[in-house]
Amino acid sequence: MLLRHTPTEIKEREALTVNPAKTCQPVGAMYAALGVHGCLPHSHGSQGCCSYHRSALTRHYKDPIMAGTSSFTEGSSVFGGQANLLAALTNMFTIYDPDLVAVHTTCLSETIGDDIPQIVKKAFDDKKIPEGKKVIYCNTPSYVGSHITGFANMCTGIVKGLVEHTGVAKDQVNILPGWVEPSDMREMKRIAKDMNVDICMFPDTDGAVDTPQLGEYKMYPDGGARVEDIATAGDSIKTLACGKWASEDAAKLLDRQFKVPYETIDIPVGLEATDRFVQALAKAAGVKVPDSFITERGRLVDVITDMSQYLHGKKVAIFGDPDQLIPMVEFLLALDMIPTHVISGTPGKAFTAKIQELCAEKAPNVNVKNGAQADMYLLHQWIKNEPVDLLLGNTYGKYIARDEDIPFVRYGFPILDRVGHSFFPTVGYTGGMRLLELILGALMDRQERDAPEIKTELVM
Amino acid sequence: MLLRHTPTEIKEREALTVNPAKTCQPVGAMYAALGVHGCLPHSHGSQGCCSYHRSALTRHYKDPIMAGTSSFTEGSSVFGGQANLLAALTNMFTIYDPDLVAVHTTCLSETIGDDIPQIVKKAFDDKKIPEGKKVIYCNTPSYVGSHITGFANMCTGIVKGLVEHTGVAKDQVNILPGWVEPSDMREMKRIAKDMNVDICMFPDTDGAVDTPQLGEYKMYPDGGARVEDIATAGDSIKTLACGKWASEDAAKLLDRQFKVPYETIDIPVGLEATDRFVQALAKAAGVKVPDSFITERGRLVDVITDMSQYLHGKKVAIFGDPDQLIPMVEFLLALDMIPTHVISGTPGKAFTAKIQELCAEKAPNVNVKNGAQADMYLLHQWIKNEPVDLLLGNTYGKYIARDEDIPFVRYGFPILDRVGHSFFPTVGYTGGMRLLELILGALMDRQERDAPEIKTELVM
Amino acid sequence: MSEKRKLPDPSAIKEEILAKYPPKIARKRAKSMVVVDKELDQEVQSNVRTIPGIITQRGCCYAGCKGVVLGPTRDIVNLVHGPIGCSFYAWLTRRNQTDPGETGDNYMNYCFSTDMQDDNIVFGGEKKLKQAIREVVENFKPKAIGIFSTCPVGLIGDDVHTVAREMKAEFNDEINIFGFSCEGYKGVSQSAGHHIANNQLMRHVVGRDDTPPEAKYNVNLLGEYNIGGDAFEIDRVFEMCGINIIGTFSGNSTMQQFENSHMADLNLVMCHRSINYVAEMMETKFGIPWMKVNFIGGEATAKSMRKIAQYFEDDALSAKVEEVIAAELPAVKAAAQAVKPVTDGKLAMMFVGGSRAHHYQELFAEMGMTTVSAGYEFAHRDDYEGRKVLPTIKVDADSRNIEELKVTQDETRYNPRKSEEQLKALEEKGLEFSEYKGMYNEMADQSLIVDDISHWEADKLIEFYKPDIFCAGIKEKYVVQKWGVPLKQLHSYDYGGPYAGFEGAKNFYADIERMLDTSIWKKIKAPWLAKTDEDNCICAEYVA
Amino acid sequence: MSEKRKLPDPSAIKEEILAKYPPKIARKRAKSMVVVDKELDQEVQSNVRTIPGIITQRGCCYAGCKGVVLGPTRDIVNLVHGPIGCSFYAWLTRRNQTDPGETGDNYMNYCFSTDMQDDNIVFGGEKKLKQAIREVVENFKPKAIGIFSTCPVGLIGDDVHTVAREMKAEFNDEINIFGFSCEGYKGVSQSAGHHIANNQLMRHVVGRDDTPPEAKYNVNLLGEYNIGGDAFEIDRVFEMCGINIIGTFSGNSTMQQFENSHMADLNLVMCHRSINYVAEMMETKFGIPWMKVNFIGGEATAKSMRKIAQYFEDDALSAKVEEVIAAELPAVKAAAQAVKPVTDGKLAMMFVGGSRAHHYQELFAEMGMTTVSAGYEFAHRDDYEGRKVLPTIKVDADSRNIEELKVTQDETRYNPRKSEEQLKALEEKGLEFSEYKGMYNEMADQSLIVDDISHWEADKLIEFYKPDIFCAGIKEKYVVQKWGVPLKQLHSYDYGGPYAGFEGAKNFYADIERMLDTSIWKKIKAPWLAKTDEDNCICAEYVA
């Protein structure tokens, strides 16, 4: 066994986390910053943080992930990181010539108490920032929340730093996509386009972390939300914030600061969340949903009606991030699958309540936990106590899947051992079909693997 | 073993076919006819043919497949099927009200020698065909060629029956997509659209055999090439015939009859075939290839560069239809995989020559055979003699895959035990990424299955 | 909703359906669509030609012949003489399960064909057929080879029987080689093929092995095809009761079982349509009585087992059977009760095959479901009205040329298992021999029987009945489901099963409950279109 | 192309690179970029701070400490005291393979953390750390627990060493619990962490078990991390030669091996940078001499094995070693020859770690490839220039506060394995003790050494050299490949390996040949853009 020390018996823990179902804030801030065109993320802390976050994102996307670091030494941690950040800003603009730098903090600079706004102001005052270049920032203390919190904080940082108030209303809808794949953001834009709705989407990592192989490296890829577009977000009709955890804060700020009303909706994963997304977008923009969406939707429904027998009643264990898990659990229920164990390391009371509400009718006994000690060690123990037919989660899930011999579908962050997630969306009706294909593939492969020769079926 | 009577030793056969890698003509004619909007295919022969073809297509698409039959009795086979066909036409137009009926023959009516043009003419003369309705037809003797031949013949039948010569040149390119999935036809249309090229594509089963679930059955779905559009094919600039086997005949007829020049190209499966498709389309329409295609292509190339280590040198056995196999083999070679055994039941000398030419440099020892006795029994024996790392083919391949424990990717017709093929294209650059995801998934799942715990990798 | 819905009168919809047809066709179809009124003891027109152009469920003679007895038999090579398609489409597409063990012969996963080409059509295919048979022997050395004729074979005059004889001789009678003249155009449906297959079975197989069985009670099971493992479950029940099944025609079957089957003392007929001939012929030739049985449904299974015990007139056996029923039936009834909250009062329609459309009504009834309309795909009048009508059935042109094999008492081996008196005595005790009462008599008044239903008719009836579930085959499945009505395939069981016997009944209950209780049916309509819950999907009101 | 290309003079490109920098930085970086001219016996500035904002390969002190000796040791629970990320990112991301057998302890697939929250930062985290340790014991009962400090720990004043002592006492000294003050900000790279780890290893582990080894020849392997199974292959070679490895620091390692490692008679150092301290301290404390070895490359492996045999001064052993080499080396050389048609004359660049950038040059040379430019990520001057410069290295502020553990002769257990005279004699025979000559001396003149290379520098050098292959880590991989230049990861081996020893060399040849021979590199440019073959991709001319 790979996880041979995981016992069936569950002991209460209050201090120890084993095999976390989350990581810390800065990587989220870095990912969000990569969703702005011409932006160089910067990690204000020790070198290790930046190296770790770049490595994690690089392995997940198999694509270049660039970022600077303040390279703290013991000295800086004693005297403060101002000198490092000032030097870093100068050097980055001189050597790497980004349009803007997006600074996020780390547990180190947070513990020291570096005042980023003041330091950045000084950098401008001291003319260390070239004409027309920008610096945005956010605080991402690693000891608060999770990687999702960091993403949310950088979204807020983007609003703070880039959105302007022109007063001229713009007939467009802001979409904060939440922490989703570039493929998902591309699909959301496709949906808006097919609905003839002008949108302002940020962050947008489409074309930023899934760049083409052209024989030539571009440090600032063609993708990413344009600074000038983001600037207009204050003039939009409305903001759709996809995912309470990742997007709501930025939406609230747009509301407070620029009077752009917002609606928090689920990331459009699965049938019903996509229905709500499409309708919310139509409502916000005052358009009718085009008939082509009835067809798209109908195709997804058709696959479900056709294949329901392979899904119905199957028990599922799933772990990941709240904004993904909520619509995914809703989708599983629409497939008559049974969410059995649900884990997220990301804190937030609303989560368990929401999952329980969704499962109340069809899976009242669902095990759900998030936040402190809601880790994959507990998930594994739950599975040992109540086995499941399918495991959904990031690459780390494969250790459990192998030990317990459970069909496994990779979903979430990070996916370190397969390709596809950055190219094919899991959002929208089409994304729902992809999820179905993956889930059905896993379950049907298993049925065939376990079938005795007598029961081998040609047609399924 | 499921195929326990298949010996390693290969004995020459000249009369016996075991586990065919083809079926007979009519099903192809039926599939092609379904690619015309408002068309009801009709099988002129015994009931069984129609029932079998409808069942096969239904299982492959998990969607309604409608067609009529002349329901031959012994009497009709003695006295000829004219009465049956006349009655059938009357009844179909009366009861099912199609815009047109597409008649294809069977070995029975062919052996009898029923003269379809004459019978159809009589039907019109006798006013059995309602005003404005059409009847098209083709001969599809089951004892000639294969299901692909039948598809090709109905394509020709469509040209014969529906294309008109208006003399008014039309700034459009005909695309004969060949026997591909509705998803593939949809993708080809998407490509043309993004290239700003007007096309006339037929047959087009997009929206015809992958219909949405709307709670209401439409006997004639929204999809399919429109009769009035097909009519204009004679006015087009050029015809791109995808697949020598499936599309060239119809293209030649368009040339002969309407002076529309044609170019026969491969179905755009994989990198290079898609390059040629895109360029041919651009050339035909006199447009530049938009930059977005450089990005699309670059994404595919990027996945290949990233994942090449899992593909390089892997031996592949593949069976199916010539038009698919040729570009697929070329794609496998571009991935540095080694086509090792290639089988198609469809005859045609050009095939083996083409495969050998493609493999000359990188896989000179490729086993390739098509036509008589080129069946899955031989393929299986070849595999027993020279094992492979991957098997690509239709659902019947899973019996070999299980017996020989070979990773298996479903590709071709029919796929009776999985979904996805009708929703996600395998053509174009995006289709190439899907193929890669499927192939990599199969190979990497196997690596993980076979890896001892010590060699289990988190990152791949 | 526990009380049954009163059946609506379908007369009006019947008229509406017929109105669409040309008059001649309307008149013909009217005779095949019967609004049941048992007072009238109605006739159900069946086994007549399908009208050209009508979209039918039916297949051909070849399909029936290949499918019925030898297709599901694992140790014979079934070589199809014809173009490739006929063999290709019959390749693993019926779910006859078989258990050859680790080493037993099993050709059922293979597809054999002469793949006729145009020159064979022009110059004849016998030479190629012979060579193909030689190659079969060279590659596989099977015990037996069956040759199936497809449409062109008869027309070009290939004589498969002569070829079979010659090849049998060429291999010194060591391989049992015989042919079937089952060209697709023969008869009006698969049924003709069943008949042809059964004739050849009697001619070439049954009776070749006189080895006396060791068991005390020996029977054959006729017309059971082991779809989804039905026969395995039935075997389980028989074994528990201590009754030996020599041969199952045809499921999990071998040539040897057939060759020895005439040593049984009783023939049990499941699918009357496809195989009653064999029962008849075995009685005439060997003196084996036959009874109709039904293992679809818990009660039905119990009833059938009791009848069998009764036949053998052995209290110990009857006691054993009661013991088994007592052990098995309660769980089945409990299972039926368990699904009723979902199934009770729901409506079913079924149009399939030659017996399932009848048998499964009982299974649905056990769940509290009502069959509002049903019909066979390839049955004859006796399957609807009962064998009593056999004498009155007029043989039309299409049936006339299907050989009626005349068998006579076997000089040496004829041995009536029961004397006339014994049989009469048993009949007085309620047993029925050589009898089948048909579907009609078990259908509720005002229910609608439709033989050889067409797409147009099915469509209209769905609109009219708004059934909760529709049973048919693969060609109908997605059409019906597009209406938002779940379709249960009764040929393939949708790749589930077994549904026979005690375990099977429980499986069926569970599958039907699952289908009726599937959430997606309520989510079909896009919410921005949905006005009221009620029109979310046309079936919503029933699946709620 | 069999003759080597003459190395181009990189002086101009060096200037061009520096020109982009602000003057102060240019001056500093200039000292770390050395155009090799061995006549001058140049100094390579290294182990100095990375300039803030420069995009570096380097990680932090914690990464070095966790990664180097205890991370790859399977039977200790490595508990990270800090926010979740530090532990999460170090979870299974280094490919240290380990073989615990069916039942042995193995915590390497687990990730343990105190997941510090803001209140721990405000009020201190010692209480939570203690509780976490209790929960580790309650859940896992490990032999040992290591506590790793992350950035905030030092700042808020949590004393992990005191906590370790107290908890060790709480569990009656039955569990070896100790801590590491390896906060991320310490030092200038992972190197500081290695040093801290090594100190604690000497303090808390080495020497706890005096069990005398049973084997005749006992050594330790230092600085071998069993990436991709390297250590397994080395073990194979040692076993064949009859030499026993007591402890490998650290690959496939256990606490028990370390505790007993002071009983070895010779220490072999693979990665000089990460672990030479341990070799030094073990010599001082226990009298064990150490030699630098290299198992990367067939010849290198043979050479190292010979040196070891020589050290033990036993002809039988030397004979055995020669026998093994004779059995293994020819196949390696044949493999090298086999790939030369593809590899010969090709150019390589490598920037990685603290020893691989040196060792792998030899492996490439065996394939006829030239290393035009190389550098370390976290090395010190002695790794470039050789230990002879140790006395002259000025300790700067960043290194000064990394503890220099002073060890002295162990009263009871100090025992010089060789007398001064013996060592001198062996040195005369060509052995070198406590010596490492560094990378510099093996690089060709006019090749370019770059320490702590930055993204900007790498980019420009690729443009200049157009290398056929580039070796670095995951952060560089896809950047370099976007240039059409294949990148070989020398940290993770791209999930391949082993590359050490005889088998490893063959694997490496094959992998490099595969990478250089991959077709896709020639198909990068869209054909409608491609003008000439030559610009199909910038590397085409070399991979042809």
Side-chain angles (χ1 to χ4, degrees), chain B residues 2-5 11 13-20 22-24 26-27 45-49 51-52 54-56 58-59 62-64 66 68-77 84 87-92 94-96 106-108 111-112 141-144 213-217 372 399, chain C residues 20-22 25 49-56 58-60 62-63 82-85 88-89 93 106-107 109-118 120-121 128 131-132 135-136 138-140 151-152 155-156 184-186 188 397-398 401 455-456 474-475 478-479 482-484 524-525 537-538:
Chain B
L2 294 166
L3 299 168
R4 55 182 61 180
H5 298 285
K11 301 203 173 87
R13 284 174 289 135
E14 57 192 38
L16 177 69
T17 293
V18 185
N19 302 349
K22 69 167 179 184
T23 180
C24 62
V27 72
S46 302
Q47 273 156 208
C49 306
S51 176
Y52 276 139
R54 288 179 60 204
S55 299
T58 300
R59 291 186 180 112
K62 301 196 188 300
D63 219 42
M66 282 296 148
T69 167
S70 293
S71 294
F72 270 54
T73 56
E74 186 145 23
S76 7
S77 7
N84 296 57
L89 289 169
T90 315
N91 293 333
M92 287 190 287
T94 315
I95 302 164
Y96 300 115
T106 60
C107 48
L108 175 53
T111 306
I112 298 169
S142 314
Y143 42 75
V144 174
Q213 169 60 276
L214 303 174
E216 178 188 11
Y217 170 66
Y399 288 73
Chain C
K20 179 101 170 182
Y21 292 127
I25 293 170
R49 292 182 190 181
T50 299
I51 297 145
I54 292 285
I55 297 178
T56 174
R58 286 178 169 174
C60 64
Y62 156 81
I84 196 66
F88 177 83
Y89 295 111
T93 45
N106 179 15
Y107 298 104
N109 295 331
Y110 289 83
C111 170
F112 304 92
S113 171
T114 56
D115 187 15
M116 274 187 153
Q117 298 299 304
D118 40 7
N120 308 127
I121 301 296
K128 188 173 197 181
Q131 179 55 25
E135 291 172 7
V136 165
E138 196 183 5
N139 279 267
F140 305 102
C151 291
L155 298 176
I156 64 174
Y185 53 72
K186 291 202 171 150
V188 303
D398 298 313
N401 44 40
H455 168 65
W456 158 250
I474 185 67
K475 298 193 296 294
Y478 303 104
V479 178
K482 282 287 198 283
W483 285 116
I524 286 179
K525 190 143 286 178
C537 90
I538 67 166

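Below, chains carry the letters A, B, ... as their sequence lines are ordered, and counting in each starts from 1.
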If one checks every heavy atom of Tyr399(B) against chain C at 4.5 Å, the contacting part turns out to be side chain
Quick one: of Gln131(C), Lys20(C), Lys475(C), who has the most non-hydrogen atom pairs under 4.5 Å with chain B? Lys475(C)
Pick from Ser77(B), Ser142(B), Ala87(B): which one has the most heavy-atom pairs with chain C under 4.5 Å? Ser77(B)
Name the option with the most non-hydrogen atom pairs under 4.5 Å to chain C; the candidates are Thr73(B), Val18(B), Asn84(B). Thr73(B)
Chain B interface, residue from Thr114(C), Asn139(C), Ile51(C) that has the most non-hydrogen pairs under 4.5 Å: Asn139(C)
Looking at Trp456(C), Tyr62(C), Tyr107(C), which has the largest count of heavy-atom pairs under 4.5 Å with chain B? Tyr107(C)
Side-chain contact, heavy-atom cut-off 4.5 Å: Arg58(C) with Thr69(B)? no
Looking at Ile95(B), is its backbone amide N or carbonyl O close enough to the side chain of Tyr21(C) to form a donor-acceptor pair, meaning the two atoms are under 3.5 Å apart? no
Among Cys107(B), Ser51(B), Ser76(B), single out the residue with the greatest number of heavy-atom pairs under 4.5 Å to chain C. Ser51(B)
Please look at Val188(C) and chain B and tell me whether the side chain, the backbone, both or neither of the residue comes under 4.5 angstrom of a heavy atom of that chain. backbone
Which answer fits Ile54(C), side chain, backbone, both or neither, if we ask what part of it has an atom under 4.5 Å from a heavy atom of chain B? both
Counting heavy-atom pairs under 4.5 Å to chain B, which of Lys128(C), Arg49(C), Glu135(C) comes out on top? Glu135(C)
Please classify the contact between Pro141(B) and chain C as side chain, backbone, both or neither, with a heavy-atom cut-off of under 4.5 Å. neither
Grab the two heavy atoms, one from Pro83(C) and one from Pro152(C), that are nearest each other, plus how far apart they are. CD-CG, 3.9 Å
Residue Ser46(B) versus chain C: region with a heavy atom under 4.5 Å: side chain
Mind listing the closest non-hydrogen atom pair of Met116(C) and Tyr143(B) along with its distance? O-CB, 3.2 Å
I'd like to verify something: which residue of Asn120(C), Ile156(C), Val136(C) has the highest number of heavy-atom pairs under 4.5 Å with chain B? Val136(C)
In terms of relative ring orientation, are Tyr89(C) and Tyr52(B) parallel, tilted or perpendicular, with 30° and 60° separating the classes? parallel
Heavy-atom contact with chain B under 4.5 Å, split by part of Ile55(C): both
Could you walk me through whether Ser55(B) and Thr58(B) satisfy the side chain to side chain donor-acceptor pair (under 3.5 Å) test, starting with their C-alpha distance in whole Å, then the side-chain angles of each, then the deciding distance to 0.1 Å, before giving a yes or no? CA-CA 5 Å; Ser55(B) 299; Thr58(B) 300; over 6 Å; no
Can you tell me which of Lys11(B), Met92(B), Gln213(B), Lys22(B) forms the most heavy-atom pairs within a distance under 4.5 Å of chain C? Gln213(B)
Between Asp63(B) and Lys482(C), is there a salt bridge with N-O shorter than 4.0 Å? yes
Kindly compute the distance separating OG1 (Thr111(B)) from CD1 (Ile121(C)), expressed to the nearest 0.5 Å. 4.5 Å
Below 4.5 Å, heavy-atom pairs only: which of Pro22(C), Gly85(C), Gly59(C), Cys60(C) has the largest tally toward chain B? Gly59(C)
Check whether Ala397(C) gets within reach of chain B through its side chain, its backbone, both or neither, counting any heavy atom under 4.5 Å. neither
Looking at chain C, which one of Asn91(B), Val27(B), Asn19(B), Thr106(B) has the largest number of heavy-atom pairs inside 4.5 Å, strictly under? Asn19(B)
I need the residue from Arg59(B), Lys62(B), Arg13(B), Met66(B) with the largest number of non-hydrogen atom pairs under 4.5 Å to chain C. Lys62(B)
